[in-house]
Every structure is written in structure tokens, then in C-alpha cells.
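Structure, as C-alpha cells:
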Amino acid sequence: MEGEHGHRIHLENRQSGQITGVVDVQAFDENEIRLETQQGMLHIQGKGLHVERLQLDRGEVDIQGQVDSLIYREGKGRERKKGQSLIGRLFQ
């Protein structure tokens, strides 16, 4: 599911952002959002974090909240069962 623009992060004033090239959302709460992207696992840490818009078919996620750090880790998330999205895990 390679988007036409690949992986990109646009962050405004550390308060709102748009991320493309997202393959899956691994987990999220007010302090951390974990995304599997085309470039590896992306951990977004901060306060009051919210996923405002999620369009996995387009590989896009919009976030809101105070972003304190963006950390990339190689590879895919290990917590996820193969072939199962976040929505699938929520309704188990």
C-alpha cells in the first residue's frame, strides 16, 4: 500500500500533524501513538494526543496534541497478530 507521495510528516507548532505512508496503527492513548509506516515503526510521544482522522486505505493519519518526540524503530510491530488491524484487535 505505497502512497503516491510515500512517507511524510507535517507537524505544525508541535500541536497538529498529518502523516502519510502509514500502514497500520499499533496503539494509541493520550501519551503515545505507535504507527507502522513505510519507513518503520514510528512512536509519537507527548500529552493529550488524539488521532483526529484515520484513513488507512490512503495511508493517512491526522493527530492533535502536544508532540514531545518522534522516534523511529526498524521493522514492523511485534505485538500485532499477522493480518489483523487495530480495529480488528479492538473488537476481539
Side-chain angles (χ1 to χ4, degrees):
M1 167 187 339
E2 189 115 355
E4 63 181 64
H5 299 293
H7 176 58
R8 181 174 58 98
I9 298 175
H10 178 89
L11 185 63
E12 292 185 39
N13 299 320
R14 293 177 53 190
Q15 294 295 318
S16 66
Q18 299 82 37
I19 304 164
T20 64
V22 175
V23 176
D24 193 17
V25 177
Q26 294 290 310
F28 63 91
D29 62 29
E30 290 186 350
N31 299 311
E32 182 178 37
I33 300 171
R34 288 189 314 224
L35 305 173
E36 181 180 334
T37 75
Q38 296 170 355
Q39 300 295 311
M41 291 299 299
L42 173 60
H43 294 238
I44 303 166
Q45 297 175 332
K47 296 177 185 71
L49 296 173
H50 299 282
V51 174
E52 291 292 312
R53 183 178 67 93
L54 173 63
Q55 288 190 302
L56 285 179
D57 58 326
R58 295 182 58 157
E60 299 174 352
V61 174
D62 291 354
I63 63 169
Q64 295 283 327
Q66 178 183 322
V67 175
D68 293 332
S69 69
L70 300 166
I71 302 168
Y72 281 94
R73 299 216 160 82
E74 292 300 317
K76 297 181 178 182
R78 301 297 178 220
E79 310 87 9
R80 178 167 66 119
K81 294 178 182 174
K82 184 173 176 96
Q84 193 172 31
S85 70
L86 173 66
I87 302 302
R89 292 189 311 271
L90 287 174
F91 294 105
Q92 284 185 348

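These numbers come from the heavy atoms of this one structure, side chains and all, not from hydrogens, waters or symmetry mates.
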Exercise. Looking at side-chain heavy atoms only, is the closest gap between Leu49 and Asn31 below 4.5 Å?
Worked result: no
For this session: Return yes when atom CG of Asp29 has more than 12 non-hydrogen atoms of other residues, nucleotides or ligands closer than 6.0 Å, and no otherwise.
Result: yes
Exercise. Is the shortest heavy-atom distance from the side chain of Glu52 to the side chain of Leu54 under 4.5 Å?
Worked result: no
Seminar exercise, completed: Heavy-atom closest pair (Val23 atom, Gln38 atom, distance to 0.1 Å) is CG2-N, 4.1 Å
Exercise. Are any of the side-chain heavy atoms of Gln55 and Val22 separated by less than 4.5 Å?
Worked result: no
Exercise. Taking a hydrophobic cluster as the set of Ile, Leu, Val, Met, Phe, Trp and Tyr residues connected by side-chain heavy atoms closer than 4.5 Å, whether directly or through intermediates, do Leu11 and Ile71 fall within one such cluster?
Worked result: no
Exercise. Hey, are the side chains of Gln18 and Glu60 touching, using non-hydrogen atoms and a 4.5 Å cut-off?
Worked result: no
For this session: Mind listing the closest non-hydrogen atom pair of Ser16 and Gln64 along with its distance?
Result: CB-NE2, 3.2 Å
For this session: Look up atom CD in Glu32 and atom NZ in Lys47, then write down how far apart they are to the nearest 0.5 Å.
Result: 13.0 Å
Seminar exercise, completed: Heavy atoms of Gln39 and Tyr72 approach each other most closely as O-CD2, 4.2 Å
Seminar exercise, completed: d(Leu35 CG, Ile63 CD1) to nearest 0.5 Å is 7.5 Å
Seminar exercise, completed: Here the gap from Arg73 atom CZ to Met41 atom CE, rounded to the nearest 0.5 Å, amounts to 9.0 Å
For this session: Begin from the C-alpha positions of Ile9 and Leu42 and carry the test side chain to side chain contact (heavy atoms under 4.5 Å, CB included) through to its verdict.
Result: CA-CA 11 Å; Ile9 298 175; Leu42 173 60; 3.8 Å; yes
Exercise. Do Gln66 and Asp68 have side-chain N/O donor and acceptor atoms under 3.5 Å apart?
Worked result: yes
For this session: Verify the distance criterion only: is there a donor paired with an acceptor across the side chains of Gln45 and Ser69 at less than 3.5 Å?
Result: yes
Problem set entry | Any Thr20 side-chain heavy atom under 4.5 Å of Val61 side chain | no
Exercise. Between Arg34 and Ala27, is there a donor-acceptor pair closer than 3.5 Å when you use the side chain of the first and the backbone of the second?
Worked result: no
For this session: Evaluate the side chain to side chain contact (heavy atoms under 4.5 Å, CB included) criterion for residues Val51 and Asp62: first the C-alpha distance (whole Å), next the side-chain angles of each, then the deciding distance (0.1 Å), finally the verdict.
Result: CA-CA 6 Å; Val51 174; Asp62 291 354; over 6 Å; no
